[in-house]
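Order of the sequence lines sets the chain letters (A, B, ...), proteins ahead of strands, with each chain counted from 1. Only a predicted model underlies this, so the values are computations on that prediction, with no experimental measurement involved.
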Amino acid sequence: MRLSRFFLPTLKEDPKEAQIVSHRLMLRAGMIQQSSAGIYSWLPLGHRVLKNIEQIVREEQNRAGALEILMPTIQPADLWRKSGRYDDYGKEMLRITDRHERDMLYGPTNEEQVTDIFRSHVKSYKNLPLNLYHIQWKFRDEVRPRFGIMRGREFLMKDAYSFDLDYEGARTAYNNMFVAYLKTFARLGLQAIPLRADTGPIGGDLSHEFIVLADTGESEVFYHKDLLGLKTPEKDSYTAEELQAVVDEWTSFYAAADDMHDPAKCDVPEGDLVSRRGIEVGHIFHFGDKYSQPFDAVVTGPDGKDVTVSMGSYGIGVSRLVGGIIEASHDENGIVWPENVAPFKVGLINLKSGDGPCDAACDDFYGKLSAAGIEVLYDDTAGRGGEKFAKMDLIGLPWQAVIGPRGVASGMVEVKNRATGDKQELSVDAALNLLTGKA
RNA sequence: CGGGGCGUAGCACAGCCUGGUAGUGCGCUCGCUUUGGGAGCGAGAGGUCGCAAGUUCGAAUCUUGCCGCCCCGACCA
């Protein structure tokens with residue numbers, strides 16, 4: 001992509017409404033534009049990142065055996081009356097009336113909808129276990145939206161729903177998602193730790209929040225230092241026993257958010273207890289028959305008797321992750337994207353656009369990288385070096401390739417690693433090999 | 001939902017107290033000089049001063065009402 005043909009409205013100065021770093025950087029890097037409180041448009045750069053994250057989440061859900069569907073954003077109120085949540089949800093639910101005076105709502109989540117789908121079609125235990133997920137926009141009319149995309153009212157969430165014959169099956173489904181989440185966050189370049197979460201009125205011990213560590217996080221977390229040394233599971237599939245073993249390992253260390261942390265009850269030696277800040281990016285829980293019971297989601301069991309299915313739900317805040325990753329990965333010059341989510345892999349800077357030899361060298365380099373399947377943002381604009389460097393640092397592409405009159409004369413390209421700041425002078429071929437991963 | 005703050009050009013802000021033809025920097029357009037870490041000079045474009053009512057000869061400025069946005073706290077992917 002040539003920058004001269006791209007839409008990248010960057011800002012030199014900090015917009016005053018943005019207080020936290022991810023919000024500031026997203027606005028300055030031209031990723032998003034606010035529409036109203038907690039509601040944003042995604043501009044090309046931000047949209048690319050959002051889609052990259054979404055795709056990784058999708059791949060890991062698929063790998064875990066969940067099936068992708070797409071449920072509507074607008075739901076009929078009657079579904080929610082059935083579960084009793086139409087009255088319970090309160091003002092956070094955006095209620096709409098259609099032209100026929102029917103009560104509708106913009107979905108804040110989809111338990112009712114998915115249970116209705118299940119109930120309509122699944123009648124036998126032979127079709128279990130089942131896990132259906134979608135990645136869809138949600139709306140929660142938060143009292144106080146803030147931090148840009150991190151707590152918007154409209155947000156993109158992956159939500160999966162599992163259906164099992166009994167508690168044992170449901171626990172395996174839960175463990176399966178637990179492990180999928182560990183893989184997902186690792187692929188996103190994040191250190192995420194699972195915390196035992198408050199299960200609220202539902203009770204039970206199966207609920208975990210996944211927290212991304214970032215100094216600017218909104219809640220304080222306490223955990224045993226060895227938790228971060230654990231190896232992320234990598235296999236494609238696991239047996240129920242293996243899943244349980246992974247979950248047991250990850251939950252064997254102390255980890256709690258400030259609301260669950262009780263220093264009196266925490267038995268971790270002081271030297272081993274770490275306290276940092278974190279951002280919640282995922283939440284999984286088992287809730288049994290809370291929805292299957294009122295919706296009559298029943299299958300016939302092996303013995304011919306009806307069984308109300310046992311359910312769980314599993315959320316990942318996809319749009320929040322964009323902010324979360326920036327919070328966890330930035331420096332004083334801007335964003336530092338992990339390679340897997342970066343909007344482009346390489347930023348190519350032409351230091352003297354309009355100069356024949358320089359343009360030719362850049363065009364050639366750009367053509368070769370593109371032909372190798374590398375996504376490149378090529379700054380072919382007439383600007384000066386300084387502003388081009390600053391802009392590339394701001395938008396945080398993992399690699400920068402710099403070609404100017406000096407390099408053209410000597411046949412060299414300067415390649416900079418955004419994360420480490422390391423710069424090296426390489427021949428064109430060596431630079432191509434490095435950037436295409438053939439080095 | 002309690003508390004606080006702010007709305008003036010695309011962005012950041014001054015002007016308001018003490019009413020009198022709307023300003024600065026950045027950005028944008030054109031020209032020239034520049035070009036390896038956000039250049040210099042010159043010439044331009046761009047504003048119903050959030051909205052409405054009121055006071056006044058005259059309102060960005062004073063009064064009242066409304067709207068929007070942000071921050072702190074209690075709650076949430």
Open item on the list: Please classify the nucleic acid contact of A/Met392 as base, sugar-phosphate, or nothing, using heavy-atom distances under 4.0 Å.
Closed with: nothing
TODO: Take atom C1' in B/rC69 and the same atom in B/rG50, then report the distance between them in whole Å.
DONE: 10 Å
TODO: Using the P atom as the reference point in each nucleotide, state the distance between B/rG19 and B/rU56 in Å, no decimals.
DONE: 16 Å
Task: 5′-ward residue of the pair A/Arg320/A/Arg384 relative to RNA chain B - done: A/Arg384
Task: Minimum heavy-atom distance between A/Gln113 and A/Pro72, given as atom pair plus value - done: OE1-CG, 3.7 Å
Task: Sugar-phosphate, base or nothing in reach of A/Gly317, heavy atoms under 4.0 Å - done: base
TODO: Could you pick out which residue, A/Leu351 or A/Pro15, lies toward the 5' side of RNA chain B when each is mapped onto its nearest nucleotide?
DONE: A/Pro15
TODO: Give one of base, sugar-phosphate or nothing for A/Asp393, where a contact means two heavy atoms less than 4.0 Å apart.
DONE: base
TODO: Figure out the CD/C1' separation between A/Gln19 and B/rC71, and round it to whole Å.
DONE: 6 Å
Open item on the list: Counting the atoms with a prime plus P, OP1 and OP2 as sugar-phosphate, which does A/Val402 contact under 4.0 Å by heavy atoms, base, sugar-phosphate, or nothing?
Closed with: base
TODO: Round to a whole Å and report the spacing from CG of A/Leu11 to C1' of B/rC28.
DONE: 14 Å
TODO: Go ahead and name the base partner of B/rA9; Watson-Crick or wobble counts if both distances stay under 3.5 Å, otherwise write none.
DONE: none
TODO: Say whether A/Arg58 and A/Gln55, considering side chains only, have a donor N or O and an acceptor N or O under 3.5 Å apart.
DONE: yes
- [ ] Tell me which nucleotide among B/rA74, B/rG38, B/rC70 gets nearest to the side chain of A/Val143.
- [x] B/rA74
- [ ] May I have the distance from A/Glu209 (atom CD) to B/rC76 (atom P), rounded to whole angstrom?
- [x] 9 Å
Open item on the list: For a quick check of understanding: with a heavy-atom distance under 4.0 Å over all strands, which category does A/Gly407 fall into, base, sugar-phosphate or nothing?
Closed with: base
Task: Watson-Crick or G-U wobble partner of B/rC41, both distances under 3.5 Å - done: B/rG31
Task: Heavy-atom closest pair, residues A/His134 and A/Leu70 - done: CB-CA, 3.9 Å
Open item on the list: Can you say whether a donor on the side chain of A/Lys391 sits under 3.5 Å from an acceptor on the base of B/rG27, or the other way round?
Closed with: no
Task: Ring centers of A/His283, A/Phe285 separated by less than 6.0 Å - done: yes
Open item on the list: Ignoring hydrogens and geometry beyond distance, is the side chain of A/Arg140 in donor-acceptor contact with the base of B/rC76 at under 3.5 Å?
Closed with: no
Open item on the list: Between B/rU8 and B/rC62, how many Å separate the two P atoms, rounded to a whole number?
Closed with: 16 Å
Open item on the list: Suppose we call a contact any N or O donor and acceptor under 3.5 Å apart; does that hold for the side chain of A/Glu13 and the base of B/rG25?
Closed with: yes
Task: Validation row, ring centre A/Phe295 to ring centre A/Phe118 under 6.0 Å - done: no
Open item on the list: When both hydrogen-bonding distances must be under 3.5 Å and the geometry is Watson-Crick or G-U wobble, what is B/rG2 paired with, if anything?
Closed with: B/rC72
- [ ] Measure the acute angle between the ring planes of A/Tyr378 and A/Tyr366, then classify it against the limits of 30° and 60° as parallel, tilted or perpendicular.
- [x] tilted
- [ ] Would you mind pulling out the nucleotide paired to B/rC17, Watson-Crick or G-U wobble, both distances under 3.5 Å?
- [x] none
TODO: Take atom P in B/rA52 and the same atom in B/rG5, then report the distance between them in whole Å.
DONE: 26 Å
Open item on the list: I need the NZ-C1' distance between A/Lys12 and B/rA12, as an integer number of Å.
Closed with: 12 Å
- [ ] Could you tell me if the ring centre of A/Tyr174 sits under 6.0 Å from that of A/His286?
- [x] no
Task: Side chain of A/Arg146 (C-beta onward), nearest among B/rC71, B/rC70, B/rA12 - done: B/rC71
Open item on the list: Regarding B/rC11, can its base be found pairing with the side chain of A/Arg28 as donor and acceptor, where the two atoms are less than 3.5 Å apart?
Closed with: no
Open item on the list: If I pick the P atom on B/rG7 and the same atom on B/rC51, what distance separates them, to the nearest angstrom?
Closed with: 14 Å
- [ ] Using a cut-off of strictly less than 4.0 Å, decide whether A/Gln34 has a side-chain nitrogen or oxygen near OP1 or OP2 of B/rC70.
- [x] yes
- [ ] Return the nucleotide paired to B/rA52: Watson-Crick means purine N1 to pyrimidine N3 with N6-O4 or O6-N4, wobble means G-U with N1-O2 and O6-N3, both under 3.5 Å.
- [x] B/rU64
- [ ] Would you mind reading off the distance between A/Lys91 atom NZ and B/rC75 atom C1', rounded to a whole angstrom?
- [x] 14 Å
TODO: For B/rA43 and B/rG25, measure between their P atoms and round to the nearest Å.
DONE: 13 Å
- [ ] Give a yes or no on whether the ring-centroid distance for A/His208 and A/Tyr181 is below 6.0 angstrom.
- [x] no
Open item on the list: Any base atoms under 4.0 Å from A/Gly152, or only sugar-phosphate, or nothing? Heavy atoms, all strands.
Closed with: base
TODO: For the side chain of A/His283, starting at C-beta, report the closest nucleotide among B/rC69, B/rA77, B/rG36.
DONE: B/rA77
- [ ] For A/Arg144 and B/rG5, give me the distance from atom CZ to atom P, rounded to whole Å.
- [x] 15 Å
Open item on the list: Categorize A/Thr109 for me: base, sugar-phosphate, or nothing, with a 4.0 angstrom heavy-atom threshold over every strand shown.
Closed with: nothing
Task: Same-atom distance (C1') from B/rC30 to B/rG47, integer angstrom - done: 22 Å
Task: Spacing of A/Glu142 atom CD relative to B/rG73 atom C1', expressed in whole Å - done: 15 Å
Open item on the list: Between B/rU48 and B/rA22, how far apart are the two P atoms, rounded to whole Å?
Closed with: 13 Å
Open item on the list: Suppose we define a pair by two distances each less than 3.5 Å, Watson-Crick or G-U wobble; what does B/rG46 pair with here?
Closed with: none
Task: A/Phe155 aromatic ring stacked with six-membered ring of B/rA77, 5.5 Å and 30° - done: yes
- [ ] Using atom CD of A/Glu387 as one end and atom P of B/rU34 as the other, report the distance to the nearest whole Å.
- [x] 18 Å
